[in-house]
Amino acid sequence: EYNRAFKLAKTIRSEYLQNTEKVSYWINDTEEKLKSHYTEPLEYKVSIHNCCQERPTVSEWFDIARKNGIDILQSTHDDQEAQAIRQNLDHIQERLGHVYGLLDEQKIIIDNVVDAWCKFMELYQIIINWAAEKKIFVSQELKIHNQQEAQTKLSEYSVRLYN
């Protein structure tokens, strides 16, 4: 019975440590991704999206760590250890909430940026196509033999230039 209780306590402690390490690593990794100012907007959007999809898993890790931490707190007689576990869980929960908030903010921002960038690129492509078309039109040699022909060409030119 004693050996079984010892193994259970050891398992609870190792799960607590593993899950707090995994959550802390994810928090640090996500914060680094959020601070990256040299990432292309589309790549940044994918990175943010991936981090958001990992949130349920990270929350599960934290819930397991919290459950195991509570089990340790209930069975320990060491006040310093209990205090350290409480502080660690509170600190991780605070950082996790902060990172979740940052992810939500950045997701909204990057969605707006990428949408604006796509609209800009569409407009840019329309302008480039229009300019190429007009460049061909303007580069054509114009031969006029009389005033009537000049007025007709002016009218055609005006219509084609502004359409």
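When a residue number appears, it is its place in the shown sequence, counting from 1.
The neighbour count for E149 CD, taken as heavy atoms of other residues, nucleotides or ligands under 6.0 Å away, is above 12. For K107, the NZ atom is loosely surrounded, since the number of other residues' heavy atoms within 6.0 Å does not exceed 12.
The CD atom of Q18 lies 14.0 Å from the CZ atom of R13; values are rounded to the nearest 0.5 Å. With rounding to the nearest 0.5 Å, the separation of CG in L89 from CG in N68 is 9.5 Å. The OG1 atom of T20 lies 12.0 Å from the CD1 atom of I64; values are rounded to the nearest 0.5 Å. Rounded to the nearest 0.5 Å, atoms CG (D79) and CZ (R86) are 8.0 Å apart. Atoms NZ and CG, from K134 and N129 in turn, are 11.5 Å apart once rounded to the nearest 0.5 Å. Atom-to-atom distance recorded for L102:CG and C51:SG is 11.5 Å, nearest 0.5 angstrom.
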Output, in order, the C-alpha distance, side-chain angles, deciding distance and verdict of side chain to side chain contact (heavy atoms under 4.5 Å, CB included) for L96 and Q93.
-> CA-CA 5 Å; L96 204 52; Q93 186 173 13; 5.6 Å; no

Derivation of the side chain to side chain donor-acceptor pair (under 3.5 Å) call for Y16 and N88 | CA-CA 11 Å; Y16 166 78; N88 190 30; 3.0 Å; yes

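Between V23 and V58, the shortest heavy-atom distance links the atoms CG2-O, 3.9 Å. Shortest non-hydrogen contact noted between D63 and R66 is OD1-NH2, 2.9 Å. Residues S24 and I92 approach most closely at OG-CD1, 3.9 Å, considering heavy atoms. The two residues P41 and V113 come nearest to each other via the heavy atoms CB-CG1, 4.5 Å.
The backbone N or O of K135 sits less than 3.5 Å from a side-chain atom of S139, completing a donor-acceptor pair. Between the side chain of S36 and the main chain of K33, no donor-acceptor pair closer than 3.5 Å is present. The closest donor-acceptor contact from the side chain of S14 to the backbone of T11 lies under 3.5 Å. The backbone N or O of Y25 lies less than 3.5 Å from no partner atom in the side chain of D29, so there is not a single donor-acceptor pair.
Tracing side-chain contacts under 4.5 Å through hydrophobic residues (I, L, V, M, F, W, Y), one reaches Y44 starting from L42; they form part of the same cluster. When the side chains of ILVMFWY residues are joined at heavy-atom separations under 4.5 Å, either directly or via intervening members, W130 and L123 end up in two distinct hydrophobic clusters. The cluster map of Ile, Leu, Val, Met, Phe, Trp and Tyr, joined by side-chain heavy atoms under 4.5 Å apart, puts I144 and L154 in different clusters. A chain of hydrophobic side-chain contacts below 4.5 Å, direct or via other Ile, Leu, Val, Met, Phe, Trp or Tyr residues, connects I12 to I85. Side-chain heavy atoms closer than 4.5 Å link hydrophobic residues (I, L, V, M, F, W, Y) into clusters, and following such links, possibly through other members, connects I27 to I48.
In terms of the side chain to side chain donor-acceptor pair (under 3.5 Å) criterion, residue partners of H49 (sequence neighbours excluded) are, by chain and number, Q53. Remark: N19 pairs with no residue by the side chain to side chain donor-acceptor pair (under 3.5 Å) rule, at least two apart or across chains.
Ion pairing of R55 with D104 is present here, as a side-chain N (NZ or NE/NH1/NH2) and a carboxylate O approach within less than 4.0 Å. Under a 4.0 Å N-O distance rule, the pair K67/D71 qualifies as a salt bridge.
Side-chain contact between T30 and R95 is absent, with no heavy-atom pair separated by less than 4.5 Å.
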